[in-house]
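Everything below concerns the one structure shown next.
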Amino acid sequence: MTSLALPAPGPRARPRRSGALTALPSGVWYLAFFLLPLAAIVLYSFGAKPVGPGVVDLSAPSTANYSAVLSETFTSTFRQTVQTSALSTVLLLVVAFPVAYYAATRVPPRWRPLLLGLIIVPFWTSFLLRTFAWRIILSPLGPISEGLDGLGIINGPLAVLDTRAAVQLGLLYNYLPLMIFPLFVALDRVDPSLREAAKDLGAGRIRTFLTVTAPPALPGVVAGVLLVFIPLMGEYVTPTVLGGAKGLMVGNLVASQFLEAQNVPLGSAMAVVLVGLTLAVIGVVAGVCLLARTLVRRARAVELVS
Amino acid sequence: MSRTTPPSGDGLRILLDRASASRLTRRRFLGLAGAGALLAACGDGGNTADSPLGSGSGGATDIGGKLNIYTWATYTDPEVVSAFSTSSGVQVALDIYDSNEAAIAKLELAAGSSGYDIVVPTGVFIPQMVSKGLLQKLDKSKLPNLANVDPVYLDQPWDPGNEYSVCKDWGTTGIVYDRQIVPEPVTNWADYLRLAAAPKVSGMVTALAVPGDLTGIVFWRDDIDWTTTDPADLDRAEQILLAELVPHLKAFDSFPSTGMLEGSYAMSQVFSGDARVVLLEDPERYAWQLGAPKTELWMDNWTVTADAANTEAAYAFINEVLSPEVSAREVNFHGYNTGLTGIEDALPDIEQGELVFFTDEEVATMVPGAVNEAQDRLVEILNNLRAAAGG
């Protein structure tokens with residue numbers, strides 16, 4: 001996802017020491033607030049719940065927590081979490097791409113900040129409040145429910161709240177800007193004259209889109225997908241508010257182990273498995289995409305005969 | 001404690017304006033500004049001078065600072081809080097939890113820097129919290145209103161001599177349901193589990209997100225001691241809940257009143273005061289049934305954390321809510337018996353009073369819980385049921 005921000009490669013310069021110095025604060029921050037806690041979580045995951053006071057008992061490290069996490073009780077939640085996150089990511093891409101495309105290619109440049117502003121303004125309100133608002137909107141006694149019922153579109157009150165569908169809806173809503181912006185940035189960088197040239201050379205709309213507009217947007221797609229998929233896997237708030245008993249995600253399991261069961265080691269093991277699973281899914285998808293790209297390139301390769 | 005044997009000679013009587021009482025639902029109650037219009041306290045002595053409520057004068061002196069209270073949802077009248085803030089200059093913040101386990105875990109993980117001054121645990125959890133060093137001994141010289149508490153509610157087995165805690169209120173657990181959806185009256189826990197499978201009801205049932213109360217459904221139904229530590233009992237309860245409740249469950253919700261009133265739930269296991277919120281809104285549509293044949297009796301308590309930053313404010317607040325007038329307002333708000341001497345007689349016209357003050361016969365079916373070696377297993381069962389419901 002960093003490829004977005006990378007400047008065009010200039011003449012090679014030796015890295016200067018000042019560069020290392022400017023990276024120091026973020027490096028220390030990263031070490032203290034990301035790597036160390038992560039290491040602690042990994043360490044805790046091999047411990048046991050202490051009998052007396054304390055958070056974790058590390059006197060007899062074992063993989064018992066991992067056996068528990070991988071038991072039938074919890075694996076279904078992991079599967080559901082991957083499904084929900086993957087489906088959300090695909091839906092987000094489908095919904096966000098036309099918006100980003102429209103904003104980047106059809107809206108006159110002077111109106112773009114306004115349009116992007118309109119997308120971002122609702123997100124100045126608290127994430128939690130916006131999610132709770134959906135409970136009111138989707139309420140079985142709410143206006144939408146009564147309206148749809150009155151029009152005969154649904155029979156009886158709307159039964160979306162506290163289901164997986166409600167979670168999906170909430171996730172789609174909450175993560176949309178995270179998908180739109182990287183796509184917009186990528187599409188915005190495509191020089192309009194390229195599209196004009198394609199048109200002049202006889203390419204139709206679809207062909208222009210597929211061969212000229214879309215390929216440079218791929219880094220944006222990758223950035224957007226990573227930007228939403230990773231936090232989606234760890235989601236906790238949206239399923240808590242909208243999911244009821246049915247919309248459970250792994251984040252909820254981890255939270256209940258830490259906060260309710262006071263079983264920090266088991267919660268840690270769940271968190272580690274979640275991280276591993278996230279990396280694995282990304283790895284598999286990336287592998288498939290790279291393979292596809294290689295195959296496409298090979299198929300399209302133009303043989304140069306000297 | 002009972003409606004059949006009212007204590008006599010109390011020095012306090014709260015008069016509710018009948019016209020306003022009938023529309024004193026929770027939401028409207030919250031919306032009403034003029035506190036004095038609702039409650040008029042008139043007594044022939046007693047402790048009326050202790051309350052700075054409404055007038056903002058007298059009582060607590062200017063203490064200042066902040067007071068962080070960690071408590072259950074809709075458990076303290078916001079007007080009581082703001083009156084206390086006005087009179088004492090203390091800025092009060094309320095934070096909410098929905099199970100004792102969650103509250104204790106948070107206090108423990110914070111390891112002495114939780115920032116909370118007052119916590120409101122259920123009695124049976126107090127020994128555990130004391131042994132973990134989470135609570136401080138009460139300085140009773142700062143709680144003169146402790147004298148107002150009915151001795152029945154003092155000196156409980158979990159805290160002999162009230163060294164660490166004072167009764168905040170007590171209540172019980174039952175079932176609230178929507179008569180328009182549930183096809184027949186729910187009369188006991190067996191009905192709750194049976195009707196959960198009924199068409200339209202299935203998928204709209206909730207249970208408390210409280211470990212002991214969840215297995216309690218089975219133990220109370222089958223008249224097994226709900227403090228059992230027998231692994232076979234616990235396994236059986238888990239299996240029954242997995243088979244009979246989980247497939248029909250919509251949510252684990254410790255405060256289902258909101259979901260019930262928004263039409264999301266048809267039948268819920270519920271704390272009595274939360275059920276009262278539902279019935280205040282529409283007593284025709286919704287019905288309450290005390291858990292039967294057995295159910296629980298719980299008592300929540302005011303405690304001061306070991307790491308409290310503003311103990312003076314904490315004591316002043318607890319002392320204030322133990323004054324008869326403030327206590328009566330609290331009962332009106334949260335719908336639980338605060339255990340003050342004469343509180344029932346002080347509130348003769350309280351709406352849905354049968355959910356607040358129980359008869360001797362009803363109280364005889366309520367059994368106090370326990371926190372024992374089964375606790376970890378109970379929490380595990382809740383988490384297993386959660387995972388099963390979501391999968």
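If you're wondering where the values come from, they're calculated on a predicted model, not measured in any experiment. Every chain is numbered from 1 and lettered A, B, ... according to where its sequence line falls, protein lines coming before strand lines.
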Review point. Quick one: what part of A:L161 sits under 4.5 Å from any heavy atom of chain B, side chain, backbone, both or neither?
Key: both
**Study point:** Max heavy-atom pair count under 4.5 Å with chain B, selected residue of A:L266, A:N263, A:T73, A:V55
**Key:** A:T73
Study note, to complete from the structure: So, the part of B:K250 with a heavy atom under 4.5 Å from chain A: the answer is both
Check your understanding: Is it true that B:K106 and B:D95 make a salt bridge, defined as a side-chain N closer than 4.0 Å to a carboxylate O?
Key -> yes
Practice item. Let me know which of B:L195, B:V182, B:L249 forms a side chain to side chain contact (heavy atoms under 4.5 Å, CB included) with B:V205. Key: B:L249
Point to revise | Atom group of B:L109 that falls short of 4.5 Å from chain A, counting heavy atoms | key: side chain
Review point. Can any side-chain N or O of A:R164 pair as donor or acceptor with the backbone N or O of A:K246 at less than 3.5 Å?
Key: yes
Check your understanding: Given a strict heavy-atom distance threshold of 4.5 Å, which part of B:L385 is in contact with chain A: side chain, backbone, both, or neither?
Key -> neither
Point to revise | Check ion pair B:D178-B:R285 (N to O, under 4.0 angstrom) | key: yes
Check your understanding: With only heavy atoms counted, which part of A:R135 is less than 4.5 Å from chain B, the side chain, the backbone, both or neither?
Key -> both
Study note, to complete from the structure: Between A:V275 and the options A:L277, A:V273, A:L279, A:V272, the side chain to side chain contact (heavy atoms under 4.5 Å, CB included) test singles out A:L279
Check your understanding: Where does B:S264 contact chain A at under 4.5 Å (heavy atoms): side chain, backbone, both or neither?
Key -> both
Check your understanding: For B:A110, does its backbone N or O pair with a side-chain atom of B:S113 as donor and acceptor, under 3.5 Å?
Key -> yes
